[in-house]
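Since we're looking at a predicted model, the values are computed, not measured.
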Amino acid sequence: MPNFAPPQPATEPARPLWRNSFMHRLMLATLISQMENRLLAENSATQTLEHWLREHALLGAHETLRAEREAGAHSPCPPDLLAALDLPTTQGGQSLRYRKIRLAGHNRIYSEAENWFVPERLTKAMTEALEQTDTPFGRVVSPLRFTRQLIRRETLWSPLPDLWEMQPHPPNSTTGADPLALPPHLFRHIALLRTHAGTPFSLVVETYTPQAFAFTPPPVR
C-alpha cells in the first residue's frame, strides 16, 4: 500500500553483513519472527521498534526515532478498511485526514507508514501536531491510552523458501560466501487504533524494512 519515493542514500554504504548461507537465512528468519511478534504484542509500534534497535546497538540508549512526514500527501482510505472506523454514513469518510511518514535514524529508514485518522475523535492539539509536525503518531495520541487491533499482516519476503524443510538438503547449505541481498520491505501490519473507551479513531498501514537487522550476525563456523 505505501508508495514512498526511494529514501536518500545513506552517508556510508551499508556493509553486506548477512551471507547467503542456510545458517544465516535461518538466523534471519528467527529474528524477523521475534521482532514481528513483539510488534504484534504491543500497542505502540514506535516504542517497540525503538526498544529493538537499542537492544541491537542500532540506536543509542537515549535516542529516539524521528518521523519524516511527507507534506501534502493524499490518499483515499481503502473501502475494505474504511468500514472499521465506524463513521456515520452521512460523512462518507470525508472527515478523514491522511498522514504518510517514515521512521528513521542514523541515515536508515526502519519503517514506512500510512495513517488515516478521524480528527473529531482527537483533541485539537493532537490534530495540529499530526498535521504540522513530524512527531510519531503514537507519541501524539498516547494520552488516549489507545489499544491496537490487528486487521491483517502480510509477509513480503522470507529468508527461507516455502517447504524448505521438505528438501533433501537445506537450501544454500554448500554456499554462503556471497552477501545475502535483502529486499526493500520484509512485512506489513494493518491495524485499527481505538481509544481507551473503545472508539476507533485511526487506521495504520506499517511496512518494515530490513534495516532493523543491520547489525553483525554472530560468527558461524
State, to 0.1 Å, how close P119 and S95 come at their nearest heavy-atom pair, and which atoms those are. CD-O, 3.0 Å
If only side-chain N and O atoms count, and only distance matters, is there a donor-acceptor pair under 3.5 Å linking T46 with S44? no
Value for CD (E70) from NE2 (H74), rounded to nearest 0.5 Å, stands at 10.0 Å
So E63 and H106, side chain to side chain donor-acceptor pair (under 3.5 Å) or not? Walk me through it. CA-CA 10 Å; E63 290 181 308; H106 296 291; 3.0 Å; yes
Any side-chain heavy atom of I32 within less than 4.5 Å of one from Y208? no
Contact check, side chains of R69 and R99, non-hydrogen atoms, under 4.5 Å: yes
Same cluster (ILVMFWY, side-chain, under 4.5 Å), M35 and L40: no
Establish, yes or no, whether a centroid distance under 6.0 Å links the rings of H189 and F187. yes
Please give me the minimum heavy-atom distance between L122 and T127, naming the atom from each residue. CB-OG1, 3.9 Å
Look at the side chain of T199 and the backbone N and O of T195, then say whether any donor-acceptor pair between them is shorter than 3.5 Å. no
Reported CZ-to-CD distance for the pair R102 and E68, which is rounded to 0.5 angstrom: 6.5 Å
Point-to-point distance, once rounded to the nearest 0.5 Å, from CG of L53 to CG of L65: 5.5 Å
What's the spacing between R194 CZ and D86 CG if we round to 0.5 Å? 8.0 Å
Run the numbers on T64 and R66 for side chain to side chain donor-acceptor pair (under 3.5 Å), then give the verdict. CA-CA 6 Å; T64 58; R66 70 179 185 277; over 6 Å; no
Chi angles and distances behind the side-chain contact (heavy atoms from CB on, under 4.5 Å) call for S75, K100: CA-CA 9 Å; S75 180; K100 181 186 286 190; over 6 Å; no
Among the clusters formed by ILVMFWY side chains lying less than 4.5 Å apart, do L31 and L58 turn up in the same one? yes
With a 4.0 Å cut-off on N to O distance, would you call E55 and R38 a salt bridge? yes
Looking only at heavy atoms, what is the nearest atom pair of P183 and P210, with distance? O-CG, 3.1 Å
Any side-chain heavy atom of P184 within less than 4.5 Å of one from W157? no
Kindly write out the residues that satisfy side-chain hydrogen bond (donor to acceptor under 3.5 Å, both in side chains) with Q34, not counting sequence neighbours, or none if the list is empty. none
Does the side chain of L87 reach to within under 4.5 Å of the side chain of L96, using non-hydrogen atoms? yes
Between P217 and L17, is there a side-chain heavy-atom distance shorter than 4.5 Å? yes
Would you say E36 has more than 12 foreign heavy atoms packed within less than 6.0 Å of its CD? yes
Mind checking whether L85 and Y98 sit in one hydrophobic cluster, side chains of I, L, V, M, F, W, Y counted as touching below 4.5 Å? yes
Quick check: do L103 and I109 have side-chain heavy atoms less than 4.5 Å from each other? no
Just to verify, which of L81, V204, L203, L150 counts as forming a side-chain contact (heavy atoms from CB on, under 4.5 Å) with L192? L203
Do R188 and L156 make a side-chain contact, defined as non-hydrogen atoms from C-beta onward lying under 4.5 Å apart? yes
Minimum heavy-atom distance Y110-A212, with the two atoms named: CD2-N, 3.6 Å
I want to know whether W52 and F213 have ring centres closer than 6.0 Å. yes
Gap separating the CZ atom of R19 from the CE atom of M27, nearest 0.5 angstrom: 13.5 Å
What side-chain donor-acceptor pairs closer than 3.5 Å can you find for residues 138-147, not counting sequence neighbours?
| residue | atom | partner | partner atom | Å |
| --- | --- | --- | --- | --- |
| R139 | NH2 | E50 | OE1 | 3.2 |
| R139 | NH2 | E50 | OE2 | 2.3 |
| S142 | OG | R139 | O | 3.0 |

Any chance you could measure E154, atom CD, to H185, atom NE2, to the nearest 0.5 Å? 12.0 Å
Would a single hydrophobic cluster contain both W116 and L193, if residues Ile, Leu, Val, Met, Phe, Trp and Tyr are joined by side-chain heavy-atom contacts under 4.5 Å? no
Just do the salt bridge (Lys or Arg N to Asp or Glu O under 4.0 Å) check on R148 and E206 with the steps written out, would you? CA-CA 13 Å; R148 183 183 175 97; E206 298 162 339; 2.3 Å; yes
Transitively linked via ILVMFWY side-chain contacts under 4.5 Å: L130 with I101? no
Mind running side-chain contact (heavy atoms from CB on, under 4.5 Å) on L28 and L180 for me, showing each step along the way? CA-CA 11 Å; L28 198 51; L180 177 60; 3.9 Å; yes
Main-chain N/O of P161 paired to S158 side chain as donor or acceptor, under 3.5 Å: no
State, with a plain yes or no, whether a side-chain heavy atom of N20 is found less than 4.5 Å away from one of R25. yes
Would you say the side-chain atoms of S33 pair up with the backbone N or O of A29, donor to acceptor, closer than 3.5 Å? no
